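First comes the structure, then the notes that go with it.
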Amino acid sequence: MRLSRYFLPILRETPKEAEIASHRLMLRAGMIRQEAAGIYALLPLGLRVLDKVCRIVREEQNRSGAVELLMPTIQSADLWRESGRYEAYGKEMLRIKDRHERDMLYGPTNEEMITEIFRAYVRSYKDLPLNLYHIQWKFRDEVRPRFGLMRGREFLMKDAYSFDVDLAGARHAYNRMFVAYLRTFARMGLRSIPMVAETGPIGGNLSHEFIVLADTGESEVFCHRDYLDFEVPGADVDFDSIAGMQAIVDKWTGLYAATADKHDAAAFAELAPEKRLSARGIEVGQVFYFGTKYSAPMKALVAGPDGVERPVHMGSYGIGPTRLLPAIIEVFHDEAGIKWPDAVAPFTVAILNLKQGASDTDAACERLHSALAAKGIDTLYHDLDERPGSKFATADLIGIPWQILVGPRGLAEGKVELKRRFDGSRELVSPAEALARLGA
RNA sequence: CGGGGUAUAGCGCAGCCUGGUAGCGCGUCUGCUUUGGGAGCAGAAGGUCGCAGGUUCAAAUCCUGCUGCCCCGACCA
């Protein structure tokens, strides 16, 4: 992609409303545009990152055995009256009327709707287990949206719903999603720690929040320091192994870890002082088991081997892709800008032409650009007529993992400079070597 | 929802107290010179001063109401 043909409205100065680093950087890097309190447009650069985040989420959901569908954003109030939540949910739910004065709502979550879909088709234990998910926009009319995408009112959520014939089955479904979450966040470069959590309005009695440690996190958290060194299961982990899944979950829940709501100061105090980690964190996901809370009132019943119909056991599992963008930035940034992990970077490579209009640098950049494009490597070619310093600043700000600096100085020796944004390291190599290094 | 702020050019701000031609920096546009860490010179464009009332000869400025947005707290993927 040529920058001259792209839409990258970067800001040199920080908009005054942005308090935390991620919000500031997302605005400055031209990733998002606020349209109302807690409501944002994703600009091209932001959308690229969101797409990469969603791709990872999808791959790991699918790997764990979940099946994707897509439910609407607008729901009928009647569905929510069945579960009793139409009254219970309160002002966070955006309620609207259609032209026939029917009560509708913009979905804050989808337990009711997925239960309705499930009960319409599934009757037998033979069709279980089942885990259905979608990635869809949600609206929660937060009293106080803040920190940009971190706490918006409209946000993208991956929500999965598991259906099992009994508690043991539901437990395995919970464990699989638990492991999928560990892998999902790890692939984005994030170290997430599962913590015992409140269940809130979703209900149920078993729940973990996946927390990414960051100084600007909204949650106060307490955990055992050893979690920082735990190894995340590999791609070859067997999601069908009941014992295997349980063992992983047991390991990841064996040490103390809790958010402030569930914090047990006495238990925490029993840890060796050097193992106590008291920090702030960002909640990037949450898993719940809530049994028959929705299936019983909504009559989502399945017949067991004995022919008796019973309410299906359910769990729900959320990840906030739009929140992951700021969460990743909070962890990976410096004074100059964002430092994207490769897996979620909007572009993998930035080519900086340090003397635009000079025939040798122009030609070298064109060759690099087409070679990388031919290999399908996401490349942003900074071909604007700007001075080198300005291009460096832009590239650092938007955080592209690799920069190829093409200037007359290096070209005189047949070299370009390959710079790693993550640690600032750089080396002089031939264009061919640079391409080889980048897999092209 | 309680408390506190704020609204002037795309962004950051001054002007308001003490009413009288709307300003600065950055960015944008044109030209020339420049080109390895946000260039220099010269010129130019760009604002119903959030909205609605009121006071006044005259309102960005004073008064009233409304709205948007931000921050702190209580609540949340």
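Numbered from 1 within each chain, the chains take letters A, B, ... in sequence-line order. Source: prediction; values computed, not measured.
- Nearest nucleotide to the side chain of A:Glu13, out of B:U34, B:C70, B:C11: B:C11.
- Rounded to an integer number of Å, the gap from CG of A:Asp383 to C1' of B:U35 is 16 Å.
- For the pair A:Lys251 and A:Phe230, the cation-pi criterion (under 6.0 Å, within 45° of the ring axis) is fulfilled.
- The main-chain N or O of A:Asp383 is never found under 3.5 Å from a side-chain atom of A:Lys391 such that the two would form a donor-acceptor pair.
- Protein atom CZ of A:Phe392 is 11 Å distant from nucleotide atom P of B:A39, rounded to whole Å.
- Of all nucleotides present, only B:C41 satisfies the Watson-Crick or G-U wobble test against B:G31, with each distance under 3.5 Å.
- Of the residues A:Arg119, A:Arg81, A:Arg85, the one that meets the salt bridge (charged side-chain N to carboxylate O under 4.0 Å, His left out) test with A:Glu112 is A:Arg85.
- Summarising the base pairing, B:G53 is matched to B:C63 through a Watson-Crick or G-U wobble pair whose two defining distances lie under 3.5 Å.
- Distance noted for atom P between B:U8 and B:C13: 10 Å (whole Å).
- Searching all strands for a Watson-Crick or G-U wobble partner of B:C16 with both distances below 3.5 Å returns nothing.
- For B:G68, neither phosphate oxygen OP1 nor OP2 lies less than 4.0 angstrom from any side-chain nitrogen or oxygen of A:Gln34.
- Atom CG in A:Leu8 sits about 19 Å away from atom P in B:G38, given to the nearest Å.
- Side-chain to base pairing of A:Glu386 with B:G38: no donor and acceptor N or O lie closer than 3.5 Å to each other.
- A:Arg12 has no side-chain polar atom (N or O) that falls below the 4.0 Å cut-off from OP1 or OP2 of B:C26.
- In this structure, A:Leu354 places its CG atom 13 Å from P of B:G38, rounding to the nearest Å.
- B:G19 and B:C26 are spaced 33 Å apart, taking the P atom of each and rounding to whole Å.
- Taking 4.0 angstrom as the limit, A:Lys91 places a side-chain polar atom (N or O) nearer than this to OP1 or OP2 of B:C1.
- Between the side chain of A:Arg144 and the base of B:G3, no donor-acceptor pair under 3.5 Å is found.
- Listed candidates were B:C75, B:G37, B:U6. Nearest to the side chain of A:Lys16 is B:U6.
- Residues in residues 10-25 of chain A take part in these side-chain hydrogen bond (donor to acceptor under 3.5 Å, both in side chains) pairs, two or more places apart or across chains: A:Ser22-A:Glu330.
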